[in-house]
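Beneath this line is the structure, given in structure tokens, with notes to follow.
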Amino acid sequence: MTLRSARLLVLLAATALAPPASAKDGFVLDDEVAICAGCHGEDGVPVDPEYPAIWGQQYFYIYTQLRDYAAGRRENEIMTGVAAEYDKDQAKQLAEHFAAQTWPAIPSQAQDGDEALANTAFTAAQCSACHGKWQGDSRIPRLAGQQAGYLSKTMHDFKTEVRMNAPDMSNIMKQYDEPTIEAMARYLSSLVLH
Amino acid sequence: MRDWSRLAASCLAALVASAPAHAQDETSASTLYGDLQSVTQSMLSRAAGDGNNFLHTNGNYAQTRYYPASQINTGNVRNLRPAWIFQTDIVDSMETSPIVVNGVMYITTAFNEVYAIDARTGAQIWHHKHSMGPVTTYCCGPNNRGVAVAGDKVFMGTLDAKLVALDAKTGKQLWETQIADAELGYSETMAPSVVENMVLIGTNGGEYGIRGFVKAFDTETGELIWTFNTVPEDSVGVWATHDATGRDMHRDIDAEKASLESMGDPYETLGGGVWQNPAVDLAERRIYFVVGNPSPDLDGSLRPGDNLYTDSLVSVNLDTGEYVCHFQYIAHDVWDLDAVSPPIITTVKDDAGNDVKGILHGGKTGHVYVHKADDCSLIRYSEAMVPQEDMWTLPTAEGARMLPGANGGVEWSPMAIDPSLHLTYAINLHQPMTYTVRSTPYPEGKIWLGGSFDVIPDEAQWGNITAVDYNTGDIAWQVRTAEPMIGGVLATAGGLVFTGEGNGLFKAYDSSNGGELWRFQAGAGVNAPPSSYTVEGQQYIVVAAGGNSQLNYKRGNNIIAFTLAD
């Protein structure tokens with residue numbers, strides 16, 4: 001059993017024991033943050049390349065994702081159960097906490113040709129109309145410096161309609177092939193934050 | 001110390017001697033910098049003839065963007081040089097129209113920062129950063145198109161859907177009011193307009209399932225005076241099957257009627273944003289504005305009917321906001337080829353050749369539409385300024401090619417006119433796209449296109465500057481540019497047309513024939529409308545070079561003012 005699998009089992013067991021409630025009983029922010037750190041990292045660097053960095057992510061984006069998980073609009077074997085326990089106020093507290101943290105420095109490097117291929121794709125789909133300079137804003141997530149593995153998985157999940165809580169992203173991702181998605185993921189991951 | 005009155009007099013004399021034969025209604029002696037006098041209603045009303053200030057987003061209440069000063073003209077524009085460059089703190093898309101009051105300039109940046117600048121030197125006077133709320137929802141980029149000025153106040157709409165009033169002398173906020181709920185997709189990128197005691201402003205959100213509006217707020221208190229909903233509770237209309245030019249839009253009316261029966265009128269989430277300032281007719285107490293696309297953009301199955309008043313020219317009463325008339329260009333639009341470029345009031349020829357008060361609008365379809373002002377009816381439409389192919393091919397699940405692409409035609413970019421030539425100047429985009437439809441339910445504040453419009457990567461893109469004779473609909477001249485055009489146009493009594501490009505070029509053309517007379521490389525996309533002003537006897541042209549998020553043109557942070565070299 002890998003470390004990742006073990007963590008999954010612990011979390012799944014923890015979330016399966018308690019049925020979804022309107023508010024998590026005994027909610028203590030520090031305790032919840034500690035649970036989140038099991039995957040998203042004690043220092044903000046996630047323990048798995050396919051897990052997103054959430055330290056310094058946009059407040060309203062984190063809050064919206066927690067609510068979408070809770071409502072079944074976005075599904076994940078871990079997050080669905082975790083988020084379903086929080087009411088709106090608890091979700092906001094968590095979002096505020098993580099948004100206030102410093103974005104982690106995660107080493108990442110693009111390959112030759114990634115930037116050109118990515119920029120062609122960005123222009124074709126008018127990505128910067130929403131994502132701007134990739135720093136995120138409110139409900140738009142920060143992508144610059146995000147983990148390449150997570151970005152790739154997310155774009156694939158949109159393309160294959162595994163992720164359904166932003167349907168227009170599926171429309172956009174369906175036009176991109178595998179090399180383009182990987183180039184976008186590596187390029188965005190390599191961007192230095194300002 | 002220089003003798004400014006003598007300098008002003010000599011400049012005015014030079015102006016008269018060198019000016020080409022263009023109408024110049026009223027250019028008073030130059031004002032001195034910095035008296036910071038209040039902006040009176042008289043000043044706002046007479047802005048069309050004010051060769052010193054630039055008081056409205058589009059120059060004057062008629063929105064002609066025709067500047068009456070002619071010190072800079074076809075004979076000397078080759079000597080135009082940067083007078084100063086001001087760099088903002090925000091390096092991002094800039095769409096601001098610089099406003100100039102007695103030598104003080106007000107500009108805005110992305111994310112709602114405002115600067116007051118000495119218009120002679122480029123020195124900063126004050127800087128205001130809006131305290132942005134945690135929730136913003138906007139398209140297409142964190143843009144702002146500028147401020148309105150009146151009295152001792154500066155007004156701005158914000159990305160978090162607020163209207164704020166600032167002290168013109170200090171930049172301190174005097175009041176703010178929440179216009180609508182940002183969580184549901186409402187935001188403000190347009191500049192407000194001020195008429196008497198009212199601040200007029202529309203809303204963004206046509207990509208998020210809002211219900212659009214134009215609202216009037218009290219200039220002193222921020223209290224709401226009236227609201228006009230751009231989507232009425234009965235949005236069905238007349239089941240129009242053809243567009244304004246008579247082309248079949250291939251609607252399945254029977255299917256739509258069945259949908260209407262089962263789902264009811266979709267007005268609550270039907271979109272209909274208003275992206276740009278209204279034209280104001282003070283004599284008739286009316287305003288004219290254009291209404292944007294229905295939501296979701298590409299999926300008509302969820303919104304049966306004509307989707308009134310989306311994709312329309314609309315006129316309402318200035319004092320009450322009550323409906324007066326409308327004209328819909330595209331009923332039940334499924335291509336996002338909506339109405340966004342601000343309308344212009346001017347005298348036009350009707351079908352019988354008589355002079356009538358008219359309204360001009362540059363459409364994303366690529367036509368300039370010419371209307372009668374009294375009833376909004378269409379007099380004529382121009383030749384197509386960009387290629388049109390396979391109109392109106394319906395979007396498909398696989399993606400269907402049709403031209404123009406979804407950015408137009410003419411985007412939000414304001415046109416300008418030269419009434420002495422009866423020409424209107426538009427900037428165009430040629431961006432071949434495919435239109436894809438995919439039905440998804442209303443997502444409560446998330447982007448809701450109902451599909452996608454995708455640039456075809458291996459097809460050439462380009463732009464135009466096009467002069468259209470609004471009395472005939474004919475294209476008088478047209479100049480090709482390397483990239484699709486977005487930003488805006490300024491025409492002047494000096495016989496000039498100014499506009500910028502995404503590649504950083506800012507150019508002056510002969511307004512009568514399109515001949516290029518001057519160019520400057522700004523280093524970042526020039527994708528904002530230029531303004532002009534005269535201070536201490538010196539005429540300036542000013543423009544923002546900040547690039548554009550929507551078309552991914554190189555971002556920058558410069559405000560550049562040009563004047564004639566000594």
Side-chain angles (χ1 to χ4, degrees), chain A residues 57-65 67-68 71 73-74 88 91-93 95-96 98-100 115-141 158-159 161 163-177 180 194, chain B residues 90-93 110-111 132-143 159-160 182-183 185 187 207-208 296-299 397-399 405-407 431 433-434 436-441 443-458 461 547-553 555:
Chain A
Q57 185 54 280
Q58 295 290 323
Y59 155 77
F60 193 61
Y61 175 76
I62 298 173
Y63 170 71
T64 303
Q65 299 311 301
R67 298 303 297 166
D68 281 357
R73 291 187 288 264
R74 182 177 179 183
K88 284 187 177 181
K92 284 180 180 175
Q93 287 185 54
E96 285 172 353
F98 286 111
E115 181 173 359
L117 187 55
N119 272 321
T120 300
F122 297 151
T123 301
Q126 303 181 73
C127 299
S128 58
C130 292
H131 286 284
K133 297 193 296 184
W134 321 111
Q135 309 297 310
D137 186 36
S138 186
R139 67 167 71 240
I140 304 296
F158 278 128
K159 180 173 181 171
E161 300 186 29
R163 181 170 169 181
M164 295 289 288
N165 70 327
D168 283 322
M169 285 302 298
S170 292
N171 300 324
I172 292 167
M173 286 304 151
K174 283 179 184 296
Q175 67 182 302
Y176 293 131
D177 59 16
T180 303
H194 302 290
Chain B
I90 304 294
V91 183
D92 212 323
S93 192
F111 301 106
M132 195 76 74
V135 181
T136 56
T137 310
Y138 51 79
C139 174
C140 299
N143 301 309
L159 292 175
D160 53 353
E183 197 163 331
S187 67
E207 277 63 45
Y208 297 90
D297 300 47
L298 292 135
D299 178 14
E398 297 76 29
N407 286 327
Q431 274 191 306
M433 289 189 186
T434 56
T436 303
V437 62
R438 183 165 167 273
S439 191
T440 54
E444 297 181 13
K446 290 178 183 150
I447 194 163
W448 193 32
L449 302 179
S452 63
F453 13 76
D454 305 302
V455 171
I456 303 171
D458 54 354
Q461 301 183 29
N548 182 266
S549 295
Q550 190 170 347
L551 300 183
N552 205 20
Y553 290 146
R555 311 304 196 278

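Just so we're clear, the structure is a prediction, and the values are computed from it rather than from any experiment. Each chain gets a letter, A, B and so on, in the order its sequence line appears, and its residues count up from 1.
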Practice item. Working to the nearest 0.5 Å, report the span between OH of B/Tyr138 and CZ of B/Phe111. Key: 4.5 Å

Exercise for review: Could you tell me whether A/Arg67 and B/Glu444 make a salt bridge, using a distance below 4.0 angstrom between a side-chain N and a carboxylate O?
Suggested key: no

Practice item. Using a cut-off of under 4.5 Å on heavy-atom pairs, state which of B/Lys446, B/Gln461, B/Arg555 scores highest against chain A. Key: B/Lys446

Review point. Does B/Tyr208 reach the main-chain N or O of B/Thr137 with its side chain, forming a donor-acceptor pair under 3.5 Å?
Key: no

Check your understanding: So which part of A/Gln175 gets closer than 4.5 Å to some heavy atom of chain B, the side chain, the backbone, both or neither?
Key -> side chain

**Study point:** Spacing of A/Lys174 atom NZ and B/Asp454 atom CG [to the nearest 0.5 Å]
**Key:** 12.5 Å

Check your understanding: Taking atom types as modelled and ignoring hydrogens, do the side chains of B/Asn407 and A/Gln126 form a donor-acceptor contact shorter than 3.5 angstrom?
Key -> yes

Review point. Using non-hydrogen atoms only, which part of B/Glu183 is less than 4.5 Å away from chain A: side chain, backbone, both, or neither?
Key: both

Review point. Distance from B/Ile447 atom CD1 to B/Asp297 atom CG, nearest 0.5 Å?
Key: 7.5 Å

Point to revise | Contact winner vs chain A - B/Gly450, B/Pro457, B/Pro296, heavy-atom pairs under 4.5 Å | key: B/Gly450

Study note, to complete from the structure: Whatever's closer than 4.5 Å to a heavy atom in chain A on B/Met433 counts as side chain

Point to revise | Contact leader toward chain B among A/Cys130, A/Cys127, A/Ala124, where contacts are heavy-atom pairs under 4.5 Å | key: A/Ala124

Check your understanding: Where on A/Met164 is there a heavy atom nearer than 4.5 Å to chain B: the side chain, the backbone, both, or neither?
Key -> side chain

Review point. Picking from B/Pro134, B/Gly141, B/Gly399, which has the most non-hydrogen pairs under 4.5 angstrom with chain A?
Key: B/Pro134

Review point. For the candidates B/Thr440, B/Val135, B/Asp92, which exhibits the highest count of non-hydrogen atom pairs separated by less than 4.5 Å from chain A?
Key: B/Val135

Exercise for review: Output every pair passing salt bridge (Lys or Arg N to Asp or Glu O under 4.0 Å) with a member in residues 116-133 of chain A, not counting sequence neighbours, ordered by first then second residue.
Suggested key: none

Exercise for review: Begin with the C-alpha distance, continue with both residues' side-chain angles, and end with the deciding distance and a verdict on side chain to side chain contact (heavy atoms under 4.5 Å, CB included) for A/Tyr63 and A/Glu96.
Suggested key: CA-CA 8 Å; A/Tyr63 170 71; A/Glu96 285 172 353; over 6 Å; no

**Study point:** Which residues share a side-chain contact (heavy atoms from CB on, under 4.5 Å) with A/Leu117, sequence neighbours left out
**Key:** A/Thr180, A/Ala183

Point to revise | B/Ala182 portion near chain A, given a 4.5 angstrom heavy-atom threshold | key: backbone

Check your understanding: Among A/Thr123, A/Ile172, A/Asn171, which residue forms the greatest number of heavy-atom pairs with chain B at distances under 4.5 Å?
Key -> A/Asn171

Revision key, fill the gap. Comparing A/Asn119, A/Asp137, A/Thr120 against chain B, the one with the most heavy-atom pairs below 4.5 Å turns out to be A/Asp137

Exercise for review: Select, from B/Leu449, B/Asn143, B/Asp160, the one with the greatest count of heavy-atom pairs under 4.5 Å involving chain A.
Suggested key: B/Leu449

